[in-house]
Amino acid sequence: MVSVCQVERNEVENIDKELFYSYIKSNKPVVFEKYRSQAIEKWTPEYLLSIIGDREVHVNMCTFGSMSDIVPMKFSEYFNKTLKNEFPTNDSNGERIKKINKPYLRNFGMLDEFPILKEDVKNNESIFNKDVHNMVVMGSFIGCKDSATNFHKDTGENLVSVIHGKKFVVLIAPSDETNIKSKLSQEIEVKFDSNDFGSPIELHPAFSDCSKIYTTILTQGQSLFIPVGWIHYVHNIDTTISVSCWGKEMVM
């Protein structure tokens, strides 16, 4: 059985650059429990619908697979179905739809398209030192209940902030990447609790050779720092709205 540990938590109220970069230097994930953002109060369903409305969006099935996994629809249609939990749980053959195949509006460019929304989360971007990370990219994510990603890694230092909802996150250090049985990680789902489907992470055969796995639950007003190269999996326990901010070192 693989060793499973909780991600460190920090209750500091103001995340300054010195503290943030100390975690980057140590290559260590951390949950900041007291994330502050105007978006937490402002981004009600009514407000987001009034700003974004019927703009066409590309809803992804988080297999990170072919373009056929992308479905265009109006933002209002996707968001209202998500809020009402109206997406089907079974396919046309009556088979249960896996979490990674549920609709997930991920890396949505609404912050660039609607600057009034980006203003509400500008403190995420300002935490990065532009002399070190000369490219900072922001994206928003809106996931329906029980949607999830495959295990994957990012190409930048990532600060994930939950505006509404709840996420279950699994993280694996780069040193254990070669110990992951990738095919099994895709075939067998990760079970979050007794009401979920799949295998508990500590018993999951895909990770039996890993030395250690980290898990955490993120709720509204919390942020998770995911160091570059760390493999991670994200399960939206509830309908969840979050923002990711990636700091990247680009060669000029």
Side-chain angles (χ1 to χ4, degrees), residues 31 33 35-64 69-91 96-111 113-114 117-118 120-121 124 138-150 152 158-170 189-198 215-224 226 232-245:
V31 174
E33 294 196 315
Y35 166 69
R36 292 181 175 180
S37 170
Q38 296 181 62
I40 293 173
E41 297 296 330
K42 287 179 65 177
W43 288 11
T44 63
E46 295 77 17
Y47 181 70
L48 290 179
L49 285 168
S50 73
I51 298 294
I52 306 172
D54 291 339
R55 187 265 199 207
E56 184 178 89
V57 295
H58 291 158
V59 178
N60 299 266
M61 311 306 165
C62 264
T63 56
F64 302 111
D69 288 339
I70 299 175
V71 180
M73 65 175 68
K74 293 178 179 178
F75 174 80
S76 55
E77 177 188 0
Y78 172 76
F79 197 38
N80 281 317
K81 281 188 173 183
T82 295
L83 293 169
K84 296 174 184 178
N85 199 26
E86 289 182 346
F87 285 108
T89 55
N90 296 305
D91 62 20
R96 181 182 61 81
I97 297 173
K98 286 187 172 183
K99 292 186 281 287
I100 61 169
N101 291 323
K102 291 190 175 182
Y104 194 171
L105 182 53
R106 61 183 179 89
N107 212 7
F108 175 30
M110 74 177 190
L111 301 177
E113 294 184 40
F114 303 96
L117 297 176
K118 190 171 185 177
D120 295 331
V121 291
N124 290 53
M138 296 186 72
S140 54
F141 295 73
I142 302 177
C144 68
K145 177 180 169 61
D146 287 327
S147 56
T149 69
N150 254 331
H152 65 285
N158 185 4
L159 184 67
V160 184
S161 302
V162 175
I163 309 300
H164 296 292
K166 184 187 297 185
K167 294 176 178 284
F168 171 61
V169 186
V170 178
E189 293 184 275
V190 174
K191 185 175 184 177
F192 164 65
D193 61 18
S194 59
N195 296 316
D196 198 9
F197 297 90
T215 66
T216 195
I217 293 176
L218 284 181
T219 59
Q220 183 184 55
Q222 296 180 342
S223 293
L224 169 65
I226 303 176
H232 53 284
Y233 160 90
V234 182
H235 170 187
N236 295 305
I237 301 169
D238 301 320
T239 295
T240 305
I241 302 173
S242 64
V243 172
S244 277
C245 190

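These values consider heavy atoms only, across backbone and side chains, with no hydrogens, waters or symmetry-generated copies.
Under the 6.0 Å cut-off for aromatic ring centres, Tyr104 and Phe87 do not qualify, their centroids lying 6.0 Å or more apart.
Taking both residues in full, the closest heavy atoms of Asp120 and Ser37 are given as O-OG, 2.9 Å, listed atom of the first, atom of the second, then distance. Between Ser76 and Asp54, the shortest heavy-atom distance links the atoms OG-OD1, 2.5 Å. Nearest heavy-atom pair, His232 versus Thr149, reported as atom, atom and distance to 0.1 Å: O-OG1, 4.4 Å. Of all non-hydrogen atoms in Leu105 and His58, the two that sit nearest each other are CD1-O, 3.5 Å. Contact between Gln222 and Glu33 at its shortest, heavy atoms only, is CG-O, 3.7 Å. Minimum interatomic distance between Asp146 and Lys102 (heavy atoms only, all atoms of both residues): O-CD, 3.4 Å.
The shortest side-chain heavy-atom distance between Leu218 and Val234 does not fall under the 4.5 Å cut-off. At a threshold of 4.5 Å between non-hydrogen side-chain atoms, the residues Phe75 and Ile142 count as touching. Residues Ile237 and Asp193 have side chains not in contact (no heavy-atom distance under 4.5 Å, counting atoms from C-beta outward). Using a 4.5 Å heavy-atom threshold, the side chains of Phe192 and Ile217 count as touching. At a threshold of 4.5 Å between non-hydrogen side-chain atoms, the residues Asn124 and Tyr35 count as touching. Between Tyr47 and Leu117 there is a side-chain heavy-atom pair separated by less than 4.5 Å.
Other residues, nucleotides and ligands place more than 12 heavy atoms under 6.0 Å from the CD atom of Glu56. For Lys166, the NZ atom is loosely surrounded, since the number of other residues' heavy atoms within 6.0 Å does not exceed 12.
Under the rule for a side chain to side chain contact (heavy atoms under 4.5 Å, CB included), the partners of Thr240 that lie at least two apart in sequence or sit in another chain are Val162, Lys167, Asn236. His164 is linked by a ring pair (Phe, Tyr, Trp, His ring centres under 6.0 Å) to nothing, counting only residues two or more places apart in sequence or in another chain.
Each of Val57, Ile52, Leu49 was evaluated against Phe79; a single residue qualifies, Leu49, per the side-chain contact (heavy atoms from CB on, under 4.5 Å) test.
A distance of 8.5 Å separates CG in Asn150 from CG in Asn101, rounded to the nearest 0.5 Å. Atom CD1 of residue Ile51 and atom CE of residue Met110 lie 10.0 Å apart, to the nearest 0.5 angstrom. To the nearest 0.5 Å, atom CZ of residue Phe108 and atom CG of residue Asn60 are 11.5 Å apart. Here the straight-line distance linking atom CD of Glu41 with atom CZ of Arg36 works out to 12.5 Å at 0.5 Å rounding. Interatomic distance, OG of Ser244 versus CZ of Arg106, reported as 11.5 Å (0.5 Å rounding). Note that the OG1 atom of Thr89 and the CD atom of Glu86 stand 12.5 Å from one another [nearest 0.5 Å].
Checked by atom type and distance alone, the side chain of Thr239 never pairs as donor or acceptor with a backbone atom of Leu83 at under 3.5 Å. In this structure, Lys99 contributes its side chain and Phe197 its backbone to a donor-acceptor pair below 3.5 Å.
Note on ring orientation: taking the six-membered ring where Trp is involved, the planes of Phe168 and Tyr233 are perpendicular (angle over 60°, cut-offs 30° and 60°).
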